[in-house]
Amino acid sequence: MERISFHTIEKKWQKIFANEKLYNKNGKKFYCLEMFPYPSGKIHMGHVRNYTIGDVVARYKFLNGFNVLHPMGWDSFGLPAENASKLNNLHPKEWTNKNIKTMKNQLKMLGLSIDWDLEISTCDENYYKHQQELFIDFYNHGLVSRKETYVNWDPVEKTVLANEQVINGRGWRSNAVVERKKLSQWFFNITKFSDELLKDLEELDGWPEKVKLMQKNWIGKSFGCEIEFNISDSDKKIKVFTTRPDTIFGASFIALSNDHNLKELFIADEKFMAFKKECDKTGTTEEALANADKLGFNTKLFVDHPFLKKKIPVFFANFVLMDYGTGAIFGCPAHDQRDLDFATKYNLEVIKVVQNNDDILKSKKAYVGDGKIINSDFLNNLNIEDAKEKVIDEIEKKNIGKRKTLFRLKDWGISRQRYWGCPIPMIYLNDGSVVPVQKDELPIKLPDDIDLNSSGNPLKNHPTWKNTIHKSSGKKAIRETDTLDTFVDSSWYFLRFCSPNHSVSPFNETKVNYWMPVDQYIGGIEHAILHLLYSRFFSKAISKNNNNIKITEPFKNLFTQGMVCHETYKDENNNWLYPEEIEKLNNNEYQKKNDKRKVFVGAAESMSKSKKNTVDPEIMIKQYGADSVRWFILSDSPPEKDVQWSDVGVVAANKFLQKFWNLVQTIASRKENNFNDEHDKKFNGIINTYIQKIDASIKQFRFNVTIALFYEIYKVINDNLNTNLNSEVLKSNMINVLKLMTPFTPHLARECLEFLGCNNPHNWPIINANNLINNVKFAVQVNGKTRDVITVKKDISEIEIKELILIESKAKKYLKNKKTLKTIFVKNKIINYILND
RNA sequence: GCCCUCGUGGUGAAAUUGGUAGACACAAAGGACUUAAAAUCCUUGCCCUUUUGGGAGUGCCAGUUCGAGUCUGGCCGAGGGCACCA
């Protein structure tokens, strides 16, 4: 038998796929989208997995008659281009476009059903021009603001660092101690949509619960109230926010953030300034925060308790945040752990106001459970929820506070002091005002002549770029030299795909209204919060700004795939080794190829360059073929879980596909026409049942199960080759099986279909209910133990099966001479005899 | 610390609403074919029994049920999210 050349058929079919799009004009629309890649250089196995899953979905929907949009583009702005530029002396634009070219070719090698006519790249001015337009729209609708905020400032690089660029409080490149610096920055007012972003999660039935929960926690809605405390013997007040107003009678101190307004009273106090400095130092890393001791500074001030004749001391404390609530709290040590820690340290009162039997002082554990309110005057004997309501009513009556809902979600800071990003279309006038540029001046293009080697913001350093004219007044103005966070680029690209060449506005409204929402979005779990939240925000904001667009949610169904892992290897000196540097010995140990030294095998971890446990998809495709790589990446684990890449695994996939080709060849040349209707019917039934199972498993994204079913089908067909099965029946069933395989191994399946003379490969087999298998396997249990499994006709009755069992079942010996108390009969599944012994 | 998810062979995993545990694949051992190797194919996989057969068994302990991998409670372990959010 002739061995198949996977490369030959891949080349042949990729040419055909390039012109064969997934549009069925009369079908229902289906927008299939995978998260677009950052063009970092080459594709990695994570991309292979992501885009293979997407391709299966897109092709499956197309074969089922849907009109499928399946685009691809490039998330091509970002810091790595600037870093690479410094390293290789290559302009970010050139570096990026070179990578795009390489990666596009690699993606094509996978045989994906992408419509490349829709390709977009976010660093293309035809894309970011419209992003600037959207920015101006947002600005005009009050969704953009300018605020001062703290940033990580690298004093050597003279630039702002992202959190992940700060390592142990130092800049990742300069190693300088990072400072907290207040900078004026642009923000999208995402918090205006807090409630909608939270509420609309409920309608996202097609999203993983986990992702919805993460978003919910991130938005962090909480109910409570504000309370104003009078500072004793003064007309000043302190406003606090609390979610536990029911514990007001347990209040024993007030704690202020050290950025709270009241600090003005203490700026001359050296001790306070030293305390504040100490606190600011621990502010940099999460770990430091978590382990930091509670620190306080006693102001010697007191406030009056609103309901008791009692004075409460006021402290500055390092654990109170300025940017949440009012920057001030009241402490109730008995029922909040942080408050208790603080109270223990500074010897403050601990008053129990919720009934419980714990010894709080001894255990140093605050009681946060439910219970009856005690020691609380008019709140006594109420439960917590009722007490909250009642005390807030009292507070509102006394006019010292009101109900309040707070969100953890903060506005989205979008200013970046970088070159390789979308310029922010704002200008500064001489009188200090800031205005957007006019839309007809767009795009504000990035200059090509840029010096990335000196420190600071490259656009700011550019000699002329920032100088401009305010068009309506003719006066001189200065451009904003910050660029947009690259998350902005990816917050609307899915809209642009609907009309990627539309030039007069960001998108053609008719097309957006037709294709949106994305029916299936597929990508990594690492984007569970930010990218998805920002995209949801954009969709809502755009729909609010433009009455012709109605998208409440951009992504109807979301699938988050797991990572691709690989074993890790180290030599004796703890240096990481690439898989291709090692070889396996007969005793299952490994050694280095070059010097035969021992290699230590570590756990499988997600592929990363730093651990050298990567496998190059292009090499794998060249060695085993695209279909084998696609087949393996889907076969071993459920797609939402991590999968471990293994070379033997892809070899096995390759062998199986080769065998499958051989089987098709055998079927094509087989001639057996001894008609046996019974046999043919039975075979039809088996294959039809498999079609049904495969269809169901694809719908549920259980591709590992789908592939297991293909292995079973192979066996069934192979076992039938030497029977008197009619060759035409065999062939027509094989054609159906190949159609099922098209989404998984498009090149091989289409080659086989062509080989078998199928001239309509673009449809999905229809399951004929009459053809399904008519038998079921039926378990016979005695006292709950399975004693036999018999094959019987479907829907057999209890009486019939009982008769059968007494005649021919192995279980009958257990029933002999025993009294049956009762039987449990479950149709098509099981019968259980309960005996009295 | 709070919140969430998950624990099934040597490995990755199947088991639709509680109803045959381990499908399918990898690895391993044994065998067939072959002068030999490669390739291919077959068999095996815990305990007792020569076989037929019987028993145990889904992290641990209890419970509900005719019947639990699946449901409930407690414990142990692994992974993920948030990080002093009042």
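Naming convention: chains lettered A, B, ... in sequence-line order (proteins, then strands); numbering from 1 in each chain.
- Using a 4.0 Å cut-off on heavy atoms, the residues of residues 631-642 of chain A that approach RNA chain B are D636(A), S637(A), P638(A), K641(A), listed by number.
- Across the protein-nucleic acid pair, W218(A) atom CH2 and C3(B) atom C1' stand 15 Å apart, rounded to whole Å.
- An anti base is found at G10(B): its glycosidic angle is more than 90° from 0.
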Show the numbers, then the answer: is there a side chain to side chain contact (heavy atoms under 4.5 Å, CB included) between V615(A) and M620(A)? CA-CA 8 Å; V615(A) 173; M620(A) 289 297 137; 3.3 Å; yes
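- The CD1 atom of I717(A) lies 5.5 Å from the CD1 atom of I667(A); values are rounded to the nearest 0.5 Å.
- G18(B) is unpaired under the criterion used here, namely a Watson-Crick or G-U wobble arrangement in which both key atom distances are under 3.5 Å.
- K212(A) has its NZ atom 19 Å from the P atom of C82(B), to the nearest Å.
- Distance L709(A) CG to A23(B) P: 14 Å, rounded to the nearest Å.
- When the C1' atom is used for both C71(B) and U65(B), the distance is 10 Å, rounded to whole Å.
- Listed pair K655(A) / C41(B) fails the phosphate criterion, with no side-chain N or O lying under 4.0 Å from OP1 or OP2.
- Regarding K221(A), its NZ atom lies at a distance of 20 Å from the C1' atom of C82(B), rounded to whole Å.
- Side-chain N/O atoms of N704(A) include none lying less than 4.0 angstrom from OP1 or OP2 on G12(B).
- If you take atom C1' in U52(B) and the same atom in U40(B), they sit 34 Å apart, rounded to whole Å.
- One can place NZ of K210(A) at 10 Å from C1' of C6(B), the figure rounded to the nearest angstrom.
- Protein atom NZ of K294(A) is 14 Å distant from nucleotide atom P of A86(B), rounded to whole Å.
- Between F253(A) and F330(A), a ring centre-to-centre spacing not shorter than 6.0 Å is recorded.
- C33(B) makes up no base pair with any nucleotide shown, lacking Watson-Crick or G-U wobble contacts both under 3.5 Å.
- Checked by atom type and distance alone, the side chain of D411(A) pairs as donor or acceptor with a backbone atom of T191(A) at under 3.5 Å.
- Annotation: C84(B) and A14(B) have their C1' atoms spaced 45 Å apart (nearest Å).
- For K192(A), there are no salt bridge (Lys or Arg N to Asp or Glu O under 4.0 Å) partners, not counting sequence neighbours.
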Take K611(A) and H566(A) through the side chain to side chain contact (heavy atoms under 4.5 Å, CB included) test and state the conclusion after the steps. CA-CA 10 Å; K611(A) 288 177 188 140; H566(A) 195 282; over 6 Å; no
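- The residue Y711(A) sits close only to the backbone: its heavy atoms come under 4.0 Å of sugar-phosphate atoms, none of a base.
- The P atoms of A78(B) and G22(B) are separated by 30 Å, rounded to the nearest whole Å.
- Side chains of N688(A) and Q692(A): a donor-acceptor N/O pair is absent below 3.5 angstrom, by distance only.
- A56(B) sits 15 Å from C48(B) when the P atoms are compared, rounded to a whole Å.
- Here G12(B) presents its C1' atom at 18 Å from CD of E605(A), a figure rounded to the nearest Å.
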Detail all sub-3.5 Å separations between protein N/O atoms and N/O atoms belonging to nucleotides 55-58 of chain B.
unit_1	atom_1	unit_2	atom_2	d
G55(B)	OP1	R787(A)	NH2	3.4
G55(B)	OP2	R787(A)	NH1	3.1

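- Between V705(A) and A328(A), the residue whose closest nucleotide on RNA chain B is further toward the 5' end is V705(A).
- Residue contacts shown for S222(A) are limited to sugar-phosphate atoms, with no base heavy atom under 4.0 Å away.
- Side-chain proximity of E712(A) to A86(B), C3(B), A23(B): nearest is A23(B).
- K659(A) has a side-chain polar atom (N or O) that falls below the 4.0 Å cut-off from OP1 or OP2 of C41(B).
- The six-membered or imidazole ring of W645(A) lies near that of F632(A), with a centre-to-centre distance under 6.0 Å.
- Residue pairs meeting the salt bridge (charged side-chain N to carboxylate O under 4.0 Å, His left out) criterion with at least one member in residues 627-639 of chain A, sequence neighbours excluded, are D55(A)-R630(A).
- Ranking C84(B), A83(B), C26(B) by closeness to the A652(A) side chain, first place goes to C26(B).
- Counting only N and O atoms by type, the side chains of K263(A) and S257(A) include no donor and acceptor under 3.5 Å apart.
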Please output the side-chain donor-acceptor pairs of residues 218-226 of chain A that fall under 3.5 Å, not counting sequence neighbours, one pair per line with the distance.
unit_1	atom_1	unit_2	atom_2	d
K221(A)	NZ	D195(A)	OD1	2.8
S222(A)	OG	Y324(A)	OH	3.1
E226(A)	OE2	K404(A)	NZ	3.3

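- Both F407(A) and I529(A) lie near RNA chain B, and the one whose nearest nucleotide falls closer to the 5' end is I529(A).
- For V789(A), the listed nucleotide lying nearest its side chain is U20(B); candidates were U20(B), A25(B), G81(B).
- A perpendicular orientation is assigned to the rings of H527(A) and H531(A), their planes being inclined by more than 60° (bins at 30° and 60°).
- The same atom, C1', is picked in C47(B) and in G9(B); the two are 15 Å apart, to the nearest Å.
- Rounded to an integer number of Å, the gap from CG of D719(A) to C1' of C42(B) is 13 Å.
- A38(B) sits 27 Å from C46(B) when the P atoms are compared, rounded to a whole Å.
- Taking atom C1' in both C26(B) and G45(B), one finds a spacing of 15 Å when rounded to whole Å.
- Listed nucleotides A86(B), C4(B), G81(B) differ in distance to L213(A); the shortest reach to its side chain belongs to C4(B).
- Distances were taken from every side-chain heavy atom of Y324(A) (C-beta onward) to each of U40(B), A86(B), A14(B); the shortest belongs to A86(B).
- Of all the heavy atoms in I373(A) and A387(A), the pair that sits closest is CG1-CB, 3.7 Å.
- Listed nucleotides: A25(B), C84(B), C26(B). Nearest to the side chain of F319(A): C84(B).
- In a base pair of the Watson-Crick type (N1 to N3 plus N6-O4 or O6-N4) or a G-U wobble (N1-O2 and O6-N3), with each distance short of 3.5 Å, G9(B) is matched with no nucleotide.
- Distances from the side chain of K829(A) to the nucleotides C24(B), A83(B), U17(B) place U17(B) closest.
- In the set C24(B), G19(B), A21(B), G19(B) carries the atom at the smallest distance from any side-chain atom of V826(A).
- Residue-level contact check: K216(A) touches neither bases nor backbone, having no heavy atom under 4.0 Å from any strand.
- With hydrogens and angles disregarded, a donor-acceptor distance shorter than 3.5 Å links the side chain of Q337(A) to the backbone of A366(A).
- Considering every non-hydrogen atom in both M563(A) and S606(A), the closest pair reads SD-CB, 3.7 Å.
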Distances under 3.5 Å between nitrogen or oxygen atoms of protein and nucleotides 62-67 of chain B:
unit_1	atom_1	unit_2	atom_2	d
C66(B)	O2	N832(A)	ND2	2.5

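- Contact annotation for V240(A): no contact, since no heavy-atom pair falls under 4.0 Å across all strands.
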